[in-house]
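Every chain is numbered from 1, with letters handed out A, B, ... down the list of sequences.
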Amino acid sequence: MSGASILNRFIFKVPPNLKTQTHTHQAASKHLVETILNHIKADSLSKAVSVLFNSPFTFPFSLYARLFKLCSSNLALLKLESHLFTFNPSPPVFLVNRAIEAYGACGFLNDAKKLFGAMRQRDGGSWNAIIKACAQLGSGEEALGLFSDMRLQGVCPNEITLASVLGSCGVVLDLFVSRQVHGLVLKYGFYENVILRSSLVDVYGKCGDMDEARRMFDEIDCPNEVTWNVIIRRYLEVGDVHEAVVMFFKMFRVNTRPLSYTLSNALLACSGLFALEEGMQIHGLAAKLSFDGDAVVSSSLIGMYAKCGKVGNARRIFDQISSRDLICWTSMVSAYAMTGGTREARELFNKMPERNVVSWNAMLAGYTRNLQWEEALDFVLLMCRTAKPMDSVTLGLVLNVCAGLSDLELGKQVHGFIYRHGIYSNIFVGNALLDMYGKCGNLKSAGVWFYQMSQSRDCISWNALLTSYARHQRSEQAISTFGEMQWQTKPSEFTFGTLLTVCANIGAIDQGKQIHGFIVRNGYLIDTVIRGALVCMYSKCHHLLYALLIFREAASRDLILWNSMILGCCHNRMGKEVLRLFKFMEEEGVQPDHVTFRGVLRACLSEGRVKLGMQYFDSMSDKYYVMPQLEHYECMIELFCKFGCKKELKQFIKGMSCEPTNPMLTKVIDACREYGWTRLGEWAAERLKELNA
DNA sequence: ATAGGGTTAG
C-alpha cells in the first residue's frame, strides 16, 4: 500500500476554486458536518469518513484534524487524506502533521515518511510527528537519525520532541545515547517536566541500569501514577521482583491511585515470588479501589492464583469479569493447563469465542508441561491441519514434544522448517532444538548445533548440553563442559544438580568437592535439589559422614532428600542407619514412596532381617498405598533365598500379583540347588521353561 | 495541534 496515498492525491482532478462555492454548498456543508459528527458519536468512523469523502467540497480544518486523530483504518485514512488534498492543495502545516500522526498510529510508517518528505514547509510539530512515528513503530535508529537531521537544520527541539527521542532510546537500548539526550533535557531546561523525568527512569531501566533509573526516580518530587508504573515495571523486568513489590506498597503509602497495569505488574511480581499472601493483599486492594471485574487486573489475578496453585480462586475471578476479552480467556485456559487440569483447559479452550497464537500455545504448553505427549502431538497436528498461525513459541513447544516422544525424525523435520523460515536465531527455539537432540540421544547433532549457536548461547544452552552428556554417560565431557561454560555464562542451581549427579555416578570425589566449594564460595543458595545431589555424591563416594552432615543441616527435608540419604546409607551397607532413618522419616510425617522402600528392603537384606522385611513389604500396600514394583519383589526373593527361608519363599513367589521374571526364577533355582529344595526347584525350572518357550 | 507507562503463552 506504500505510495497509495501519494498517488491518490494526484489522481484527483484540479480542485474547484473555493471562491466559486455557492451558498447552497455552505448550507449543505453545515448539514453534512452534523451528520459526520453524529457518526463520530456513534463510533462509526468509516461512515463519517464516507460521508466526507463523497462530498464535493471542503470542510473546516478542525473537522479533518479531529478525524485524523480518530482514524484507525487504512481505508478511512486514505479517503480522508485524499479529500483534504483534493480541495486544499496546500493545507496548513498542522493538518499535515495530524495526517502524519494518523499514519503513524495506524502503523503505516512508509506513508507517514512520504507525507513528511513531500512537505514544502515544516514546523517543529512535523518533526515531532515523524520522530514519534518512527520511535513507536520500532525504527529507533531512524528516529534518532531524524532527530539529528532536525537539529542540523536548526529546528529547536521542545519537550515533546525529547519525549519521543527518549522513546527511541528505549528502542535502541543505547546507554551512551540515552545519557546524551539526558544532557539535552538539562541543557534546554526541561528538567522539571514529570513526563520527561519519567521517560528518563524508563530509558535507564530499559537499558538495564536500575541504579541510575532509581536515582532519577528518587529525584522526582511528585512522581505520578505513570512514574510509579514505570519503576515497578522495570524492576520486574530486570528480575528484581522483590523491589517491584516493595515499590508497589510504597506507592500506596504516598496515596497514589494505581493504574490497572500497575496492579498487574505487582501481581506479576507476586507470581514470580509465589507470594500468595501479598497477591491476595493486592487482590483486596484492587477490590477496594473498585477494580473488580476489570479485564486487565483480572487476567493478572488469574495468573497469580494459578501460579500459586489456587485454580479455584482463579476461576472465581474469571466468572466475575464484566466483559471477557481474549486475554482473560487465554489466562484462564493457561491457569488450568499449568496446574495439571488439561481436560478443563481444553473444554474452556473449545468454548473460546476467538483464539490467537498465544491461546493455542497456552493449551499446547499445558500438554507438554504435564508430559501428555500424545495429546500434544494430536494438538500440533490439529494446528497444522487447520493452518493455524505458529510462532517461535509454538516451534519451541513442538520441539519439546519431539524430545518427549524421542522422535528424532519429527525433530529433524522441525529443524528443517526452522531453518527454512530463518527462526533459528531465537534463543528459545535454539535451546529447544539443542534439548531435542540431546534427549533423542543424537549428541553429535547437539554438539554441532551448540557450536552453531555460539553467538547466542545462554545459561540454559550450556545446561542443556551438559545434561545431554550427563544423561548419556559422557561424564568427563559433562565436567569439562562446566569448565568451558564459565567463560561465557554464570552457572545456575540446575547446573550443580546435574554435575553433582555426574560426580556421584563415576565416584569423582575430587571434582565433587570442588563443585561443592564453588557453590559455597559463590554464595549460591543450597536448595533441596542441590542438597540431595550433595548427599548423593558424598555417599556414593563413600564419604558418608559428609553426607550425613549436609543432610542434618537442612532446614526442611522433603521426600527426595530423605531418599537420597537412605539410598546413600544403603550404598555404604549401613543397613541399621537406613532403618533408623526410616523411623525418623515416619516421625516427621513424610510419606515414603517406592524409592524409599527400595532402600528399606535392601537394608533388611544386608542386615538379615527377614521378618522385618516381610512386615515392611506388606506395609507398602496396606499402610502407605505404595504399589510394589519388580525391584521390590526381586529384593524380597533375594532376601528369602539368601537366608534359606523356603516356606516364606514358596508362599511369596506363588502369591505374587505379577508373573515372576527370568532373573527371579534363575535366582530361585540357584537357591534351591544350594539348599537342596528339589520340589520348589523343579517348579521354578518348569516356569522358566514356560516363560522362555 | 503535538509527549511518557502497560495485561496473556515458553
Q: Decide yes or no on ring-ring contact (aromatic ring centres under 6.0 Å, His included) for A/Trp228 and A/Phe248, but give the supporting numbers first.
A: CA-CA 8 Å; A/Trp228 282 103; A/Phe248 176 78; 9.4 Å; no
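Nucleic acid contact for A/Ala365: sugar-phosphate only, since backbone atoms but no base atoms lie under 4.0 Å from a heavy atom of the residue. Among the atoms of the strands shown, none is found under 4.0 Å from any heavy atom of A/Asp325. Within 4.0 Å of A/Val194, counting heavy atoms only, lies at least one base atom of the nucleic acid. Contact annotation for A/Met338: backbone-only contact, meaning every heavy-atom pair under 4.0 Å involves sugar-phosphate atoms and none involves a base. Residue contacts for A/Arg234: at a heavy-atom cut-off of 4.0 Å it reaches the sugar-phosphate backbone alone, with no base atom in range.
Remark: side-chain polar atoms of A/Ser406 are not paired, donor with acceptor, to backbone N or O of A/Cys402 under 3.5 angstrom.
The A/Ser264 side chain lies nearest to B/dT7 when the options are B/dT7, B/dA9, B/dA3. Distance from the side chain of A/Ile195 is smallest to B/dG4 among B/dG4, B/dT2, B/dA9. Taking the side chain of A/Ser331 as heavy atoms from C-beta on, and the options B/dA3, B/dT8, B/dT2, the nearest nucleotide is B/dT8. Distances were taken from every side-chain heavy atom of A/Ile160 (C-beta onward) to each of B/dT7, B/dA9, B/dT2; the shortest belongs to B/dT2. Nearest nucleotide to the side chain of A/Glu237, out of B/dG10, B/dG6, B/dA3: B/dG6. When distances are taken from the side chain of A/Asn128 to each of B/dT7, B/dA9, B/dT2, the shortest belongs to B/dT2. Picking from B/dA3, B/dT8, B/dG10 the nucleotide with the shortest atom distance to the side chain of A/Thr330 gives B/dT8. Candidate nucleotides B/dT7, B/dG4, B/dA9 were compared by shortest atom distance to the side chain of A/Val358, and B/dA9 ranks first. Comparing B/dT7, B/dA3, B/dG10 by their closest approach to the side chain of A/Leu268 singles out B/dT7. Comparing atom distances between the A/Arg98 side chain and each of B/dA3, B/dG10, B/dA1 picks out B/dA1 as nearest.
Contact between the side-chain N/O atoms of A/Arg122 and the OP1/OP2 oxygens of B/dT2 is not found at any separation under 4.0 Å. For the pair A/Arg233 and B/dT7, the criterion of a side-chain N or O lying under 4.0 Å from OP1 or OP2 is met. Put simply, A/Gln136 has no side-chain N or O that comes within less than 4.0 Å of OP1 or OP2 on B/dA3.
With a 4.5 Å cut-off on side-chain heavy atoms, A/Cys134 and A/Leu146 count as touching. A/Asp123 places a side-chain heavy atom less than 4.5 Å from the side chain of A/Asn97.
One interatomic measurement links the two molecules: OH of A/Tyr235 to C1' of B/dG6, which rounds to 19 Å at whole-angstrom precision. Between the P atom of B/dA9 and the CE atom of A/Met332 lies a distance of 13 Å, rounded to the nearest Å.
A distance of 10.0 Å separates CG in A/Leu268 from CD1 in A/Ile282, rounded to the nearest 0.5 Å. The structure places CG of A/Leu465 at 14.0 Å from CD1 of A/Ile460, a figure rounded to the nearest 0.5 Å.
Between the side chain of A/Asn224 and the base of B/dG4 there is at least one donor-acceptor pair of N/O atoms closer than 3.5 Å. Taking only distance into account, the side chain of A/Ser198 meets the base of B/dG4 through a donor-acceptor pair shorter than 3.5 Å. Applying the 3.5 Å distance criterion, the base of B/dA9 shares no donor-acceptor pair with the side chain of A/Asn356.
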